[in-house]
Amino acid sequence: MKKKMNQWKEKILRKMKRFKEEKQWKQFFKENALFTAFVITCLINAILLRFFTMPTLENYLSFKPIIADVGVIILLGSFSYLFKNKNRFTYLLIVHLILTAICVINSIYYTFYTSFASASMLSLAQFIAPVGDAVVENVLQLKDLVYILGFIAFIFVHIRLKKKGYYRKEDTKKERKKRTLKSLVASACIFIVFTVSLSSLEIGRFVKQWNREYIVMRFGIYLYQLNDVFVSLQPKINSIFGYDQAKKNFESYFESREKVDTTNKYTNIFEGKNVIVIHGESIQDIALNRTFNGQEVTPTLNRLAKEGLFFSNFYSEVSVGTSSDTELTFNTSLMPTKSGTAFVSYFDRTYNAIPKYFSEKGYYTFSMHANNADFWNRRAMHQSLGYDKFYSKETYDVDKENVIGLGLSDKSFYAQSVEKIKKIKEKKGEPFYGLLISLTNHTPFSDVEKYGEFDVDIKETVTKEDGSTEVISHPYMEGTKLGNYFKSLHYADQALGEFLKALDENGLLENTVFILYGDHDARLPKNDYIRLNNYDTKTDTVKEESDPTYKEYTSYNYELDRKVPFIIWTKDKKVHGVVENTMGMIDAMPTLGNMFGFSNPYALGHDIFSIKDKNVVVFPNGNWITNKVYYNSQKGEYMLLKDGEIIEDDYIEQNNDYAEKLLDVSNDMIVFDLLNPKKEEQE
Ligand code: GP9
Ligand code: MN
């Protein structure tokens, strides 16, 4: 085997040497002049597109997208060798035209949306319209047309080659096959090198396809668009088969569902009030009421939780769609889809969503998020959810000074949002319903110097030999991800405090219900929690497990600590108290619906004040939690939440069945568009 490998190696090296010495490469390019021109012009177009859309040199000249672009171009070009001379040019011309069109369309799209175009959007007239307008208004922008030069250059090369008699010699069928194979192997080798260079984060983002700028930056425009077509077709394929069965299951699910009386002391208490909802990026309960040297990490949240209604066992139910999954579940009382994400793959379905119910009651509804509108496909999905307007990055002033982490700092975001809300109140009147999606407290929490002073250490006052005292610091959480998270959240909490103050100063809290949820956990390392709980100042180390004072931190503790806050607060403190019953994001819509006077008959969650301690919170991976038990479906294990808790024999089985049915029906409702009244006629 080893001998054979060496022989191969020698053979390849010999060939490469000959290729170099005998100037075979000259011969190669001469023989493949048309193909070479095709590769070079398409590659230049791809680089130019990144040049005009990406701000930095390292982005548009980075190694990875160039490799990926070359791989795709060679792959597509290789099939040209299957054709005879005359048709070979026609084939390459058509492919070139498509690749050029991809660059032109994306260049125009980027000018308008600071993102890249998606094939899924083209199937909807509503998305073509703005792009159509864009083409007209944009027609004089040279940067959109520069790609056509590459296309013209390619035709020019063809004419020159024709004149020089390049096409006179015709390859045999065998030769054509050989050349096709050789080019396919070349592109395969390029893709192997490319794939090896990828990190798991890059692969994950490519599969999910939600951050289009990121994908183009790493994978190049052509691979992005190919993947985009595939991702866009997936929901169509998924929904071809099984509609009848899904519809039947859906009907029997809602018919057989236990009816719960939903009238209680919270029914309609907030009818007609304005609503401001904060989507609190990565806020976990673990930070609430936590102090470092007497300083609260989240003084604003602590105050809101104390003065308002605080749901102390509230869980987000996200899958791969993280932020967007929470937005889906909060707004529709449905679970994230089993594959893909609802926001990206199923944005064109019918949803019974909170903004729609408020609209029916005469509210003006809006959402605000100072990030690109196409992140998580919000531009399209917020429309499907029924928001009258989505204020995205384009509507905010973002400059270097006010950026932290992913984008516009929360402080600046809220300050600018107050001005927008004031205008909304003036122009549209009241009541209004608004969702504000925060951004600063997003992983990796590394912009530490911009969060402001907040020490995550233990300060100790020690008495020296001469009797004087000195304060010494044990910076045990400094530099850890969890420590940085507390700093970041302290900043986000401060921003929230300033926001509330500004709302109050502008009279926007008088008639308003203020709601906040943490969108999901912050994906912090388990070891950081162990350090937080078990740091020993005397030894400056984490205690050993054998230490009698060691606080155990199991994977169950970790999973349960992913809890997020849910708070409903009004300035006049109309509602207050702690609700301990286990609750999920899916229960937010029915609970709020009961308070504001609307009801979605197809909500899969429950009004927590009606279901009380009977609630079961299901997670997308099949795990579930009740007041009594946390069940881990991967391990097939459960944990009693209180010592001595007694459960019925079939408790686990029954709840497993409930979880499975809930996940199935939710997925079917989205994939098969079962809430669309027109769907029946189409089938
Ligand atoms: C993107 C922001 C973060 O705009 O909401 O999304 P996430 O990474 O948390 O899903
Ligand atoms: Mn998020």
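We count ligands from 1, going down the list as the structure has it; atoms in each ligand are counted the same way. From a predicted model like this one, the values you see are computed outputs, not experimental measurements. Residues take their numbers from the sequence shown, with the count starting at 1.
Tyr517 has its side chain within reach of His279: a pair of non-hydrogen atoms, C-beta onward, lies under 4.5 Å apart. Side-chain atoms of Tyr433 and Ile276, non-hydrogen and from C-beta on, never get closer than 4.5 Å to each other. Between Tyr485 and Ile286 the shortest side-chain heavy-atom distance falls below 4.5 Å.
Judged by a 6.0 Å distance limit and a 45° cone about the ring axis, Arg218 is positioned over the six-membered ring of Tyr214. Both tests hold for Lys420 against Tyr396: distance to the six-membered ring centre under 6.0 Å, angle to the ring axis within 45°. For Lys356 and Phe358, the positive end is not near the middle of the six-membered ring at less than 6.0 Å and at most 45° from its axis.
Looking only at heavy atoms of the protein, atom 7 (P) of ligand 1 is closest to Ser323 OG, 3.2 Å. Protein heavy atom at the shortest distance from atom 10 (O) of ligand 1 is Thr322 OG1, 2.5 Å. The closest protein non-hydrogen atom to atom 8 (O) of ligand 1 is His442 NE2, 2.7 Å.
Inspection of the Lys338 and Ser666 side chains reveals no N or O donor paired with an N or O acceptor under 3.5 Å. Remark: the Ser118 side chain and the Asp228 side chain contain an N/O donor-acceptor pair separated by less than 3.5 Å. Glu559 and Tyr630 share a side-chain donor-acceptor pair at under 3.5 Å.
Taking every non-hydrogen atom of Asn371 and a distance limit under 4.0 Å, the qualifying atoms of ligand 1 come out as 1 (C), 4 (O). Ligand 1 places these atoms under 4.0 Å from at least one heavy atom of His520: 9 (O). Under a 4.0 Å criterion applied to the non-hydrogen atoms of His369, ligand 1 contributes the atoms 1 (C), 2 (C), 4 (O), 5 (O).
Considering each of His279, Glu281, Arg378, the one bringing a non-hydrogen atom nearest atom 5 (O) of ligand 1 is Arg378.
Neighbours of the Mn ion (ligand 2) restricted to protein N, O or S atoms under 2.8 Å: the count is 5.
For a threshold of 3.5 Å applied to N or O pairs, the pair formed by Ser324 and ligand 1 contains no separation below that value.
Within a 6.0 Å sphere centred on CD of Gln295, heavy atoms belonging to other residues, nucleotides or ligands number 12 at most.
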